[in-house]
A.B. asks: 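I'd like to ask some things about the structure below.
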Amino acid sequence: MPPAIDIAAGDLRLRYEPDAEGRLRQIGFRVIPESAIPEHGSPIERGPFPAEAFPLAFPAWGEETGALTALRLDGHDGRPGCYLTLTGYERDGQEHRIRLADARAAIEVTLCLRCWDADQVLEQWAEVSHRQPGPVTLHELAAAAPVVLAPRPWLTRYIGDWAGEWQPTTGALPLGVTTVQSFGAVRPHLQATPFFLLGTDGSADETAGSAIAGALAWGGGIRLAFERQARQPGQVRVIAGHNPALGPYRLDPGVTFRTPAMLWAWSERGTRPLTQRLHRWVRAHAVRDGSRLRPVVFNTWEAAYFNFDQASLTAMMAGAADLGAELFLLDDGWFGTEFPRDDDDAGLGDWQPDPVKLPGGIGSLTAAARGHGLRFGLWVEPEMVNPASVLYREHPDWVTGEPGRPRRLDRNQLVLDLCQPPVRDFAAGAVHRVLAESPDVSYLKWDANRDISEPGSAALPADRQSNLWIDTVLARWQIMAEIAQRWPDTEMMLCASGGGRTDLGTLRWFHEVWLSDNTDALTRLRMQWEAGRYLPPQAIAAHVTRWGDQDLTFACAVAMSARFGFDLDPASLTPAELTICQRAARWYRDVRDLVQLGDMFRLIAPETGRAALGYADPGRRRLVVFGYQLEDADAGAAGGPCPVAGIDEDLDYRVRQFSLTADEEQDISIRSGRELLTSGLSWPLDAARTAAIWRLDA
Ligand code: DGJ
């Protein structure tokens, strides 16, 4: 048994030690400056204090009074006690497994940590198994439960709703427990996103202060709890995992239950390095094909809703190609034979093309798209069914619900019960068939538009109905994994009524996320700003729409700072609007390698009434900067210059300023990197909803 377990992830140091009774204590969870990292050994020592003076690494129910727990279960005999001691430690490369057990209860818990040194990201999860004579009832098992040293903790978290995702709440963490939670298994992140930022010594900004970012990679209900006790106000226990309020999980002997992964990134020098590290990690390990450029997408939803046919779509393709799109995405409404999907009240579950709207099938559409130089994509919602469908007529028992009780409709639809193996096979098979029957479909938008109410699964016995909240997500991930594996070249957008599934676990099978149905450029910019702290811009789909009858110049500039696309009827554009959209698509293609794959610099935060974002190539030779005026500036009080970052002070840059309303470049000048870093770019905007774009080339 090692006396201490030292784990290093980049400049983060963790030390665990057993106390006199063998219970595991967390001695340190500390970011240390690179200069102070010794070559050997750990700089985190417990000094003269006994291990008992330090917090339990993974407190179980009943071990500590008056504090949050990381593990709570009832044994097969109904007894709640589980007292864990350290039984082993293994290391395999960058993966560490710390084994804890309660020998009397025959329960084993493994704390798992994977250090992504190159990206300075730490991944943590926990596993539990037992050898009791029958199932145990698992009330909660945290993915991670570290105690973070934080003299003045400052928490930023995100609450939301449909069309109102990613609303930040930020402030000093009060004493007691602060909980962020979401419920359900379908669109939980509409309520609360599984990402947060914890400033350890007050609020950190982009370039100063120390902060830790956390992200729970789970597509179901989550709970993030932050506990600050009066007796230790400088420490914050963070407990992250499934939301225990959804009910217990019955776990059979010999089965290993694994929590979702918790990802951590940190920085002592402001939040910028943390964001850039997370972006790199997500590109390399979370999102699919993270180093591949994304196309300019044209989507039909807000352009046509359910009202289209083959002729109108073909005409729209011509418009999409003329705008500069590269991929034509046919959203909802293309399917249903006996129950055509002319509205949201019919057709879900029947994944054959509507023969009336589309007599030539999908094949004639992909051919038409090809003729216009466009790739083709389709929308699916494979986890749902309308009662008005052939599927429901044949399998009314394939939906979630309680036997003998009415099933409540939401958006006129019901949720398929993925815990039933034949239903899971149907949903996976439906997606496979759509792709197999139309080999030219190279993009899929996967949607989900209602939550589970009256929960119940015919596949689960009465004593484990609440396993549904976890098993549904795992079954869905299994389907998504199969699709991703079988169709490696098909790009996929993750959507659940907008950003209902914005998590790093589900994102593994996808290329991007539809952040919200709200595409008002001002609101969207704020959402992109928040989400962009954690997700790289190429994974954030941003489309120009008519939402709110908005000015398209500003909407284009906002969409250009993420994965650009359109969701509007080209025939509705005035000649001036068409020119602006075409120009935006053309310029975007010129700089998309920077936006999608470069390093992001968050230059001015939207709270100031302005916002600015820069994107630089790794060699610091090319940059694009987007400046946004969000509110009218007071007369004579236009903002100061736009700061510049991500350039080399020893190089000279050609600086050009563009506005989407004119083709000419303005302000062509040559400036030294050093001077740009000191003086910035002069800010040309004062009216609300206006934007400027700069390009800097060494
Ligand atoms: C909700 C999505 O967020 C929209 O973009 C659209 O795909 C509709 N569903 C279609 O029903």
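Order of appearance sets the numbers: ligands from 1, and atoms from 1 within every ligand. Note that the coordinates shown come from a computational prediction; the quantities given were computed from them, not determined experimentally.
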A.B. asks: What protein heavy atom lies closest to atom 11 (O) of ligand 1? Include the residue and the distance to one decimal.
C.D. replies: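 Answer for atom 11 (O) of ligand 1: Asp332 OD2, 2.6 Å.
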A.B. asks: Side chain or backbone, does Lys445 bring an N or O within less than 3.5 Å of an N or O on ligand 1?
C.D. replies: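 N/O-N/O distance below 3.5 Å exists for this pair.
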A.B. asks: For ligand 1, which atoms, with element, lie under 4.0 Å from some heavy atom of Asn449?
C.D. replies: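 The list of qualifying atoms is 1 (C), 9 (N).
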A.B. asks: Using heavy-atom distances, let me know which of Asp447, Leu515, Asn518, Asn299 sits nearest atom 8 (C) of ligand 1.
C.D. replies: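 Comparing heavy atoms across Asp447, Leu515, Asn518, Asn299, the nearest one to atom 8 (C) of ligand 1 lies in Asp447.
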A.B. asks: Could you name each residue pair satisfying salt bridge (charged side-chain N to carboxylate O under 4.0 Å, His left out) that touches residues 567-576, not counting sequence neighbours?
C.D. replies: none
A.B. asks: Testing the basics here: between Ser561 and Pro537, what is the closest heavy-atom pair and its distance to 0.1 Å?
C.D. replies: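 Where Ser561 meets Pro537 most closely, the heavy atoms are O-CB, 3.8 Å.
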A.B. asks: Using the ring of each side chain (for Trp, its six-membered ring), is Trp477 parallel, tilted or perpendicular to Trp218, with breaks at 30° and 60°?
C.D. replies: perpendicular
A.B. asks: In this structure, does ligand 1 have an atom that sits under 4.0 Å from one of the heavy atoms of Gln413?
C.D. replies: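 It does not; every heavy atom stays at 4.0 Å or beyond.
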A.B. asks: Tell me if the aromatic rings of Phe306 and Trp301 count as close, with their centers under 6.0 Å from one another.
C.D. replies: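 Phe306 vs Trp301: aromatic centres under 6.0 Å.
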A.B. asks: Return yes if a side-chain donor-acceptor contact under 3.5 Å exists between Arg375 and Ser442, otherwise no.
C.D. replies: yes
A.B. asks: Identify the protein heavy atom lying closest to atom 6 (C) of ligand 1, giving its residue, its atom name and the separation to 0.1 Å.
C.D. replies: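 Of the protein heavy atoms, Asp331 OD1, 3.4 Å lies nearest.
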A.B. asks: Using the ring of each side chain (for Trp, its six-membered ring), is Trp398 parallel, tilted or perpendicular to His395, with breaks at 30° and 60°?
C.D. replies: parallel
A.B. asks: Provide the closest heavy-atom pair for Thr545 versus Glu302 in the form atom of the first, atom of the second, distance.
C.D. replies: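 Smallest interatomic distance, heavy atoms only, reads CB-OE1, 3.5 Å.
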A.B. asks: Is the shortest N/O to N/O distance between Trp301 and ligand 1 below 3.5 Å?
C.D. replies: no
A.B. asks: Please classify the Asp344 to ligand 1 contact at 4.0 Å (heavy-atom distances, strictly less than): side chain, backbone, both or neither.
C.D. replies: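 Neither part.
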A.B. asks: For Gly498, take its heavy atoms, then give the atoms of ligand 1 lying under 4.0 Å from any of them.
C.D. replies: 3 (O)
A.B. asks: Would you mind telling me if ligand 1 is within reach of the side chain of Arg187, the backbone, both or neither, using heavy atoms under 4.0 Å?
C.D. replies: neither
A.B. asks: Give me the nearest non-hydrogen protein atom to atom 4 (C) of ligand 1 as residue plus atom name, then the distance to 0.1 Å.
C.D. replies: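 In this structure, atom 4 (C) of ligand 1 has Asp517 OD1, 3.4 Å as its nearest protein heavy atom.
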A.B. asks: List ligand 1 atoms under 4.0 Å from Trp514, heavy atoms only on the residue side.
C.D. replies: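 Atoms satisfying the 4.0 Å criterion: 3 (O), 5 (O).
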A.B. asks: For Ala557 and Tyr628, which heavy atoms make the closest approach, and how far apart are they?
C.D. replies: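 So the minimum-distance heavy-atom pair works out to O-OH, 2.7 Å.
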A.B. asks: For the CG atom of Asp417 and the CG atom of Asp471, what is their distance to the nearest 0.5 Å?
C.D. replies: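 Interatomic distance, Asp417 CG to Asp471 CG, rounded to 0.5 Å: 10.0 Å.
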A.B. asks: Taking both backbone and side-chain atoms of Cys495, is any N or O found less than 3.5 Å from an N or O belonging to ligand 1?
C.D. replies: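 There is no such contact.
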